[in-house]
Amino acid sequence: MSEFENDAGGESAGRIKKFMFVNRKAPYGTIYALEGLEVVLIAAAFDQDVSLAFVDDGVYQLAKGQQTKALEIKNFSPAYRALEGYDVEKLYAERESLEARGLAAEDLIVPVEVLSSTELAELMAVQDVVISS
Amino acid sequence: MGLELSGRTYDTDEEGYLQNLSDWSEEVANLIARQEDIDMTPNHWEVVNFLREYYTEYQIAPAIRVLTKAIGKKLGPEKGNNKYLYELFPYGPAKQACKIAGLPKPTGCV
Amino acid sequence: MLHIVNKSPYERNALESCLRLALPGAALLLIEDGVYAATRGNVAEPRLREAMQRMDIYALRPDLEARGMAGRVIQGVKLVDYDGFVDLVCERPNCQSWL
């Protein structure tokens, strides 16, 4: 985060930064997933290099066929399909997390790139900012 | 806060956005538009209806940049630009048109 | 990368996921309830010892002391105070808090 401050108004203030949002929570039991999605939509408005990673229970956020009517809360899973319109096109899911939950890429509501833990770790390491929720 | 129409009250938030999506009707839209000093023309309706379709599909109100791009894609570049949309909705297409369309305020609009 | 974990290994899988997604050479700082993972005999000890071979592992001393755990720290875990916490954040190009 220190880079944030160094860059504020500095010579590199205009540089596009790499932001990765790491989603690790299931969608309706807690507010993390919905709030995380809103942060992504806001960040996307600032023309940064935004990517999303889905790890652990976070992969459940993308499960097809969510029906929340009986819970009387909003099904926000269609919003992930809007991300493309926000120019957020880099979506990754960790293979180990999917497999541990009996899920595969075709069970998800949006196309994702499935990465191994190591591949995802390498991608995380080159981000300017990683925000986990 | 709320809107009064034909003896019924419709709940709104402090900025005048409808609380319940299902309260929306063309009459309610016309009432909100009048409060915003907007005379609804077919061009206004085209944007409002587009927003309602977008919301049905994605469950979010789009940011202005996204709205502009999506309208350009569907209705052509002469409509998918800021100038055209701001002429229709001078206080901001995302804010005013979303309000008239009965949607929540777009995420990221402060 | 500095990874920060603040949850007990008995309550959440944050530590486990963090170690799975940490590259060799990364640093791990345990804070708040995360410090229980740095104590002898806890469920995460084998994983932590294994991780120690490839990365630096730190725990926040005030959080260990508050929990009565300062005397039970696994050998090889480095203890830091708040100043050390700040240094760790500044030394690394980026950090990630595992909620």
Side-chain angles (χ1 to χ4, degrees), chain A residues 1-7 12 15 17-26 29-36 39 48-49 51-61 92-101 115-133, chain C residues 1-34 37 43-44 46-48 50-58 60 80-99:
Chain A
M1 296 296 173
S2 57
E3 284 203 22
F4 249 167
E5 290 149 39
N6 293 344
D7 283 357
S12 56
R15 182 170 80 85
K17 294 198 165 212
K18 293 168 86 70
F19 283 75
M20 177 179 272
F21 294 90
V22 182
N23 299 283
R24 295 184 49 245
K25 303 279 198 290
T30 63
I31 196 73
Y32 287 98
L34 178 57
E35 298 269 308
V39 172
Q48 300 297 307
D49 179 354
S51 59
L52 270 68
F54 295 87
V55 176
D56 294 330
D57 282 352
V59 299
Y60 285 135
Q61 293 176 24
Y92 307 103
E94 190 203 21
R95 178 173 297 117
E96 287 79 350
S97 298
L98 285 172
E99 285 176 356
R101 287 161 183 79
L115 299 178
S116 69
S117 304
T118 311
E119 289 168 325
L120 186 54
E122 281 164 359
L123 215 49
M124 279 178 187
V126 299
Q127 302 295 317
D128 294 299
V129 180
V130 181
I131 297 171
S132 232
S133 67
Chain C
M1 173 82 84
L2 170 67
H3 296 277
I4 301 172
V5 171
N6 73 339
K7 296 293 187 296
S8 158
Y10 294 93
E11 191 205 350
R12 302 271 181 94
N13 62 355
L15 176 66
E16 196 189 310
S17 296
C18 165
L19 293 178
R20 191 173 73 237
L21 289 162
L23 289 178
L28 166 66
L29 172 62
L30 299 164
I31 65 169
E32 301 167 17
D33 288 348
V43 67
R47 285 286 281 135
L48 206 74
E50 181 262 320
M52 227 177 262
Q53 310 299 315
R54 54 192 170 91
M55 57 195 289
D56 290 325
I57 296 180
Y58 302 86
L60 194 65
V80 291
D81 294 315
Y82 291 108
D83 286 350
F85 187 162
V86 174
D87 290 341
L88 280 173
V89 172
C90 293
E91 281 164 14
R92 302 274 166 168
N94 53 8
C95 71
Q96 179 169 9
S97 290
W98 294 79
L99 293 181

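Here is the naming used below: chain letters follow the sequence lines, and residue numbers restart at 1 for every chain.
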field: Straight-line distance of C/L19 CG to A/S117 OG, nearest 0.5 Å
entry: 11.5 Å
query: Is the closest side-chain heavy-atom distance between A/M124 and C/N94 below 4.5 Å?
result: no
field: With sequence neighbours excluded, residues passing side chain to side chain contact (heavy atoms under 4.5 Å, CB included) with A/E119
entry: A/L115, A/S116
Closest approach of A/S132 to C/S97 (non-hydrogen atoms, all atoms of both residues): CB-O, 2.9 Å
- request: Mind checking salt bridge (charged side-chain N to carboxylate O under 4.0 Å, His left out) for C/R20 and listing every partner two or more places apart, or none if nothing turns up?
  value: A/D56, A/E94
task: Compare all side-chain heavy atoms of A/V55 with those of C/L21 and state whether any distance is below 4.5 angstrom.
output: yes
statement: Checking heavy-atom separations under 4.5 Å from chain A, one finds in residues 8-17 of chain C C/R12, C/N13, C/A14, C/S17
task: Mind ranking A/S97, A/S133, A/A125 by heavy-atom pairs under 4.5 Å with chain C and telling me who comes out on top?
output: A/A125
message: If I compare all heavy atoms of A/A121 with all of C/L23, which pair ends up nearest, and what's the gap?
response: CB-CD2, 3.6 Å
field: Listed partners of C/E32 passing side chain to side chain contact (heavy atoms under 4.5 Å, CB included), at least two apart
entry: C/N6, C/D63, C/R67
